[in-house]
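As structure tokens, the structure follows; a few thoughts come after it.
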Amino acid sequence: MKVRDGVRMVGYTLRLSLRADKRTTILVGVFVLFTSVAGVGTATAQRWLVDAAGLGLASSVVTATVFGVLMHVLSSTINLITSNYHNDLNNRIQLTLEQQITEASAHVPTVTHLERHDFLNRVIMLRRGAHRLAYTGWAAAYSVAGLAGVAGSLWLLADVHPALALVAVAAIPILPLTNRANRLLRAVIDSTAESIRQEKSLHELFLTAESAKEIRTSGNGHTLSDMATGLWHQVIAREERARLSGMGIELAGWALYFTIVGAGLAFVGHLLATSAATPGDAVMLISLTSQFRAQMARTVSSVTTVADGGRVAEHYRWLVDYARDHVADGTAAAPTHLRRGIELQDVWFTYPGSDVPVLRGVSLTIPASSSLGLVGINGAGKSTLVKLLTGVYRPDGGTITVDGIPLGDLDPAAWTRVCTGAFQDFQKFQFLLHEAVGVGDVSRLADLPTVAQAIEEAGANRIVDALPGGLHAQLGALFGGVELSHGQWQGLALARGLMRDEPLLTLLDEPTAALDPQAEHDLYELFTAQTRSSRDRGAVTLLVSHRFSTVHMADHIVVLSDGKVAEHGTHQELMADGGEYAKLYQTQELAYR
Ligand SMILES: Nc1ncnc2c1ncn2[C@@H]1O[C@H](COP(=O)(O)OP(=O)(O)OP(=O)(O)O)[C@@H](O)[C@H]1O
């Protein structure tokens with residue numbers, strides 16, 4: 001890393017620290033700078049004391065003693081205060097960093113980055129180095145303070161004899177050598193980020209009830225645990241090797257330093273023997289030499305921490321830049337009603353990290369005030385199409401337009417405010433029950449009558465009635481609440497999807513897999529009826545289901561196959577065509593007889 005980059009990174013971390021707590025940042029900065037003069041002051045007091053005692057100057061002895069004690073007390077007190085402030089501030093910086101990681105991620109309108117391993121690796125590298133980053137601002141202040149202290153010591157040494165300043169030259173190689181050792185370690189830490197992510201996600205499997213249940217039933221817990229431990233050992237072994245090599249490099253620097261310091265002390269002995277120095281000079285020299293080593297060690301450690309923190313800050317900058325470069329470009333207001341509807345023209349899409357297109361030229365229209373049923377075998381691309389319509393993914397080719405306006409031109413937040421839905425991979429929010437439903441429309445989170453109405457429409461009031469706290473019941477065992485069945489959770493997810501007041505696009509992606517066919521039928525009837533009743537707004541509904549008895553209620557039906565539209569038309573038209581849809585419909589009809 002170049003010096004200019006290093007300074008920029010220190011700037012980042014200082015800004016981070018100021019954002020976390022401005023007053024404490026400035027206070028600690030001032031304290032740290034004071035400690036730089038305290039060491040020099042103590043050594044000067046010792047020299048002054050010994051020389052004054054030799055000359056029998058009682059008042060100077062007293063002044064030198066008071067000055068020395070004052071320096072000592074002040075630096076000890078300040079060290080104590082600073083270290084307390086430090087810990088507190090470091091915690092705040094780490095919290096601020098977590099917030100910024102979340103903000104940076106949330107700023108990106110799509111979720112593509114959350115499936116990019118380079119993005120996720122940066123996040124883990126940043127998290128693992130967060131404490132280093134938190135310390136970088138201080139380390140920069142300590143570096144300045146340390147260098148000022150070293151300069152003061154040198155000045156005092158040269159005052160006794162210019163040749164003694166050579167002790168400083170001996171310390172010069174320590175800095176780049178320690179920095180090199182740290183670079184070795186940081187490179188290993190960064191290159192093992194993916195293994196650490198794998199290890200963590202494997203270990204996480206044992207700590208969540210759902211995954212642990214499956215692992216235990218399949219009896220493969222030991223194998224997975226061994227895999228995780230194996231990964232951990234690999235990472236630790238690589239880190240240990242890097243630490244050992246680094247230690248060798250650092251020791252070489254210190255060996256050179258101690259050789260020259262030894263020669264310096266012998267030289268002081270010679271100066272004393274030839275009366276070229278006073279006993280006060282000698283005491284000060286001994287005090288300074290030991291202080292100098294500590295000062296150098298602290299300065300080297302601070303400077304290398306700055307460099308190290310700079311490397312972590314590089315990941316921080318990468319994430320912030322990523323978020324800035326991927327900020328939503330659409331600013332147009334979302335429509336309040338649809339006239340033409342939603343159109344897909346030759347839409348292509350490939351997931352990040354894959355080179356197999358999932359959607360391969362899909363063209364279809366959802367006319368205003370209509371419902372569209374989407375069917376197809378597993379993996380046909382139905383959920384992918386749903387995700388593209390919400391805007392969390394962008395097509396690689398082709399266009400999606402809303403009343404002729406490209407979806408990408410709309411303000412993503414405004415567009416999602418007029419979308420609602422319920423999905424097969426719904427979330428089980430372990431909140432209070434009314435919150436778990438209310439988050440479907442955050443602006444009405446505390447509007448209990450609306451929440452209750454949404455629950456009733458979703459046919460989920462039996463769930464609420466059975467719970468002791470009703471709408472206020474805590475959900476989920478994670479926080480000591482009640483655990484629901486999968487179907488009950490799904491019922492609440494559906495209610496959440498009904499929270500939006502006047503959605504323009506309702507997406508129902510198999511949200512009823514845990515409900516019986518009749519319940520699903522009733523629910524879709526409700527949604528399609530809602531679509532019809534909102535004709536004046538032109539709202540549309542997209543239904544994805546494997547149950548043809550449900551899908552046939554939609555105004556239009558599209559059969560997706562291999563990422564393309566294979567058939568489309570009304571239920572009657574598709575049945576008359578006698579294609580794939582008609583065959584599957586008849587098969588299911590026979591199965592239910
Ligand atoms: N996040 C992802 N990253 C990479 N590939 C994905 C991702 N999600 C889905 N796919 C792939 O995209 C293809 C289409 O998946 P999609 O979920 O859209 O199918 P679907 O028609 O909804 O299937 P199902 O009926 O099983 O829900 C699948 O081959 C799947 O492997």
Side-chain angles (χ1 to χ4, degrees), residues 105 108-121 123 194 197-198 201 211 326 342 344 346-364 366 371-398 400 407 419 421-427 486-487 489-490 493-494 497 505-515 517 520 523-524 541-552 554 556-568 574 579-581 583-585 587-588 591:
S105 170
V108 182
T110 64
V111 295
T112 316
H113 56 295
L114 298 176
E115 289 177 335
R116 278 183 55 167
H117 69 109
D118 56 346
F119 185 94
L120 299 173
N121 286 348
V123 169
E194 188 130 333
R197 254 189 336 112
Q198 285 171 347
S201 72
S211 48
H326 291 81
I342 299 174
L344 280 79
D346 194 24
V347 167
W348 285 75
F349 180 75
T350 305
Y351 279 100
S354 160
D355 44 17
V356 183
V358 173
L359 298 183
R360 294 142 40 95
V362 172
S363 297
L364 58 87
I366 315 176
S371 55
L372 180 79
L374 197 56
V375 292
I377 58 163
N378 295 127
K382 304 180 294 296
S383 298
T384 305
L385 201 145
V386 167
K387 290 184 222 167
L388 288 182
L389 285 172
T390 63
V392 296
Y393 287 98
R394 296 249 165 105
D396 307 321
I400 300 178
L407 190 54
C419 293
F423 308 95
Q424 52 176 315
D425 47 356
F426 58 89
Q427 283 302 311
H486 190 67
W489 279 114
Q490 194 160 44
L494 272 165
L505 171 62
T506 302
L507 295 156
L508 302 168
D509 183 4
E510 294 178 61
T512 49
L515 302 186
E520 174 176 298
L523 231 124
Y524 281 162
T541 299
L542 179 70
L543 319 171
V544 178
S545 178
H546 287 285
R547 288 176 182 154
F548 284 67
S549 54
T550 300
V551 176
H552 92 274
H556 302 95
I557 293 157
V558 163
V559 182
L560 214 54
S561 171
D562 201 18
K564 290 189 206 145
V565 174
E567 295 171 32
H568 65 97
L574 291 174
E580 196 62 25
Y581 176 85
K583 276 191 216 134
L584 288 167
Y585 185 88
T587 312
Q588 281 196 4

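Index from 1, following the sequence. Just so you know, ligand 1 is whichever comes first in the structure, and atom 1 is the first atom listed for that ligand.
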Task: Neighbouring residues of ligand 1, heavy-atom cut-off under 4.0 Å - done: Glu115, Tyr351, Val358, Ile377, Asn378, Gly379, Ala380, Gly381, Lys382, Ser383, Thr384, Gln424, Glu510, His546

Task: Sidechain-backbone polar pair: His113 side chain, Ser105 backbone, donor-acceptor under 3.5 Å - done: yes

Open item on the list: Quick one, Leu389 and Ile342 - any side-chain contact, counting heavy atoms below 4.5 Å?
Closed with: yes

Task: Whether Lys382 side chain and Val559 backbone form a donor-acceptor pair below 3.5 Å - done: no

Open item on the list: If you take the centroid of each ring, where Trp contributes its six-membered ring, are His486 and Phe426 closer together than 6.0 Å?
Closed with: yes

- [ ] Would you sort out whether Glu580 and Ser561 count as a side chain to side chain donor-acceptor pair (under 3.5 Å), showing the intermediate values?
- [x] CA-CA 10 Å; Glu580 196 62 25; Ser561 171; over 6 Å; no

Considering only distance and modelled atom types, tabulate donor-acceptor pairs under 3.5 Å from the side chains of residues 348-358, sequence neighbours left out.
from   : atom 1 : to     : atom 2 : distance (Å)
Trp348 : NE1    : Asp346 : OD1    : 3.1
Tyr351 : OH     : Thr384 : OG1    : 2.8
Tyr351 : OH     : Lys387 : NZ     : 3.2
Ser354 : OG     : Val356 : N      : 3.1

